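Model, not experiment: these values are computed from the prediction. Reckoned from all heavy atoms, side chains included, excluding hydrogens, waters and symmetry mates.
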Amino acid sequence: MEIVICPDATEAGRLGANAIVALLQRKPDAVLGLATGSSPMAIYDELVRRRQSGEVSFAQARAFTLDEYVGLASDHRETYHNVIRRDFVDRVDFAPAAVHGPDGLAADLPAVCHEYEEAIVTAGGVDLQILGIGTDGHIGFNEPSSSLASRTRIKTLATQTRIDNARFFGGDVDQVPTHCITQGLGTIMDARHVVLVASGHGKAEAVHQLAEGPVSAMWPATILQHHPHVTVLLDEAAAGRVQLYSYYRETYAAKPQWQGL
Ligand SMILES: N[C@@H]1[C@@H](O)[C@H](O)[C@@H](COP(=O)(O)O)O[C@@H]1O
């Protein structure tokens, strides 16, 4: 796991965008794993700029989103389908049917979960998965106590997550759905490269556990310690509780150019 402490979230976004641009330059039809939330926005904003300057194209790329609320009307602003389109997909040049997400309104949700897993495999697997992290250490919507080997399934949202996300629902926690469909931790672990981005003091404990804590279902992101290629992009505040702060700074500063992310 490579931990990179950046001066601010904008720089973290620039480094995340670099990894995606490099991937698409060598593999234009790469499969991306997209995450919603405020954390990846700096990456998306930078990718939009690089698209506008002609440095990168998403025309042949495909993408799968991580998760979706269950039961939100399809025209609700906060379905993750609508959020990811607004925040990123519609701002670049993806082909119309290239971005997939689980259907949280389907009558048979377990079948949706199963088919989603199959669709990712059929596409050749995710080349690069973008992740944020919840204050309780969740990734996707894999809440504390999630099986470390879990696949795409229906989950109950933790109260803390619903409180955290109430800001997107007019501050009213009762408007936040109680259930979701999320890729499992096992699904996320199948991605070839994981780029996790975190900013702000609120993420500092989750980041410390992710990088330095024992692997535990109580901090689901810790499963990434078993992944062969993870890049963690932090701002100073999110790095506020790491034990090996100086080591991470020195490693990145001394890193040879040819090593990439
Ligand atoms: N399901 C999403 C996660 O994918 C996201 O990483 C996390 C953090 O969100 P934010 O980046 O807005 O802090 O919360 C949400 O619940």
Side-chain angles (χ1 to χ4, degrees), residues 6 8-69 72-105 112 115-132 139-140 152 168 181-183 187-188 190-199 229 231 233 260-261:
C6 303
D8 55 34
T10 306
E11 177 63 6
R14 200 183 63 79
L15 293 181
N18 282 351
I20 293 158
V21 170
L23 169 65
L24 287 169
Q25 284 173 347
R26 70 173 184 273
K27 185 178 180 185
D29 64 346
V31 177
L32 302 177
L34 302 180
T36 47
S38 45
S39 315
M41 281 312 296
I43 296 181
Y44 297 148
D45 288 345
E46 178 67 13
L47 285 173
V48 169
R49 277 190 286 276
R50 307 266 186 109
R51 168 69 207 124
Q52 285 165 353
S53 70
E55 200 183 325
V56 67
S57 171
F58 298 84
Q60 295 178 59
R62 290 141 315 144
F64 289 86
T65 55
L66 271 178
D67 44 17
E68 181 58 277
Y69 290 115
L72 274 192
S74 55
D75 61 353
H76 195 292
R77 263 186 76 76
E78 295 304 327
T79 69
Y80 280 175
H81 173 89
N82 291 335
V83 169
I84 201 68
R85 297 211 87 86
R86 195 166 63 234
D87 285 352
F88 180 49
V89 171
D90 289 348
R91 301 167 67 202
V92 292
D93 60 337
F94 276 106
V99 180
H100 308 272
D103 178 1
L105 282 174
V112 165
E115 286 158 16
Y116 202 57
E117 288 277 329
E118 285 187 341
I120 295 171
V121 171
T122 303
V126 170
D127 291 298
L128 188 153
Q129 176 67 55
I130 300 168
L131 286 182
I139 50 177
T152 302
F168 300 116
I181 294 176
T182 181
Q183 286 189 29
T187 320
I188 293 168
D190 286 345
R192 294 180 188 94
H193 181 192
V194 173
V195 175
L196 185 148
V197 60
S199 60
H229 190 187
T231 308
L233 302 172
L261 271 185

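Put simply, OG1 on Thr10 and CG on Asp8 are 4.5 Å apart, with the number rounded to the nearest 0.5 Å. Once rounded to the nearest 0.5 Å, the distance linking NE2 of His193 with NE2 of His229 reads 3.5 Å. The CD1 atom of Ile130 lies 5.0 Å from the CD1 atom of Ile43; values are rounded to the nearest 0.5 Å. Interatomic distance, Thr152 OG1 to Ile188 CD1, rounded to the nearest 0.5 Å: 8.5 Å. Annotation: the span from Thr36 atom OG1 to Tyr80 atom OH amounts to 4.0 Å, rounded to 0.5 Å. Taking CG of Leu32 as the reference point, atom CZ of Phe58 lies at 7.0 Å (rounded to 0.5 Å).
When all heavy atoms are compared, the tightest approach of Asp103 to Val112 is N-CG1, 3.7 Å. Across all their heavy atoms, Ala59 and Ala95 have their closest contact at O-CB, 4.0 Å. Contact record, Ile139 with Gly132: CG2-O, 3.6 Å, taken as the closest heavy-atom pair. Shown here for Ala98 and Ala61, the closest heavy-atom pair between the two residues is CB-O, 3.4 Å. For Ile181 against Pro102, the heavy-atom pair with the smallest separation is CG2-CB, 3.7 Å. Closest of all the heavy-atom pairs between Val195 and Gly16 is CG1-CA, 4.4 Å.
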Next on the checklist: Between Leu66 and Leu131, does the side-chain contact (heavy atoms from CB on, under 4.5 Å) criterion hold? Intermediate values first, please.
Outcome noted: CA-CA 9 Å; Leu66 271 178; Leu131 286 182; 3.5 Å; yes

Item to check | side-chain contact (heavy atoms from CB on, under 4.5 Å) evaluation trace for Val21 with Glu46 | outcome: CA-CA 10 Å; Val21 170; Glu46 178 67 13; over 6 Å; no

Checklist entry - Could you go step by step and tell me if Arg91 and Asp45 meet the side-chain contact (heavy atoms from CB on, under 4.5 Å) rule? => result CA-CA 9 Å; Arg91 301 167 67 202; Asp45 288 345; 3.0 Å; yes

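Residues that satisfy the salt bridge (charged side-chain N to carboxylate O under 4.0 Å, His left out) test with Glu115, not counting sequence neighbours, are absent from this structure. In this structure, the ring pair (Phe, Tyr, Trp, His ring centres under 6.0 Å) partners of Phe64, at least two apart in sequence or on a different chain, are His100, Tyr116. Remark: Tyr44 pairs with Phe88 by the ring pair (Phe, Tyr, Trp, His ring centres under 6.0 Å) rule, at least two apart or across chains. Checked against side-chain contact (heavy atoms from CB on, under 4.5 Å), Arg192 has the following partners two or more places apart in sequence or in another chain: Lys27, Asp127. Every residue meeting the side-chain contact (heavy atoms from CB on, under 4.5 Å) condition with Arg86, not counting sequence neighbours, appears here in chain and number order: Arg77, Glu78, Asn82, Val83.
Counting only distance, with no hydrogens or angles, the side chain of Arg51 and the backbone of Ser57 share no donor-acceptor pair below 3.5 Å. Looking at Arg85, its side chain never comes within 3.5 Å of a backbone N or O of His81 through a donor-acceptor pair. Although no hydrogens or angles enter the test, the distance criterion places no donor-acceptor pair under 3.5 Å between the side chain of Glu117 and the main chain of Gln183.
Sorted by first and then second residue, the pairs that involve residues 54-67 and meet salt bridge (Lys or Arg N to Asp or Glu O under 4.0 Å), not counting sequence neighbours, are Arg50-Glu55.
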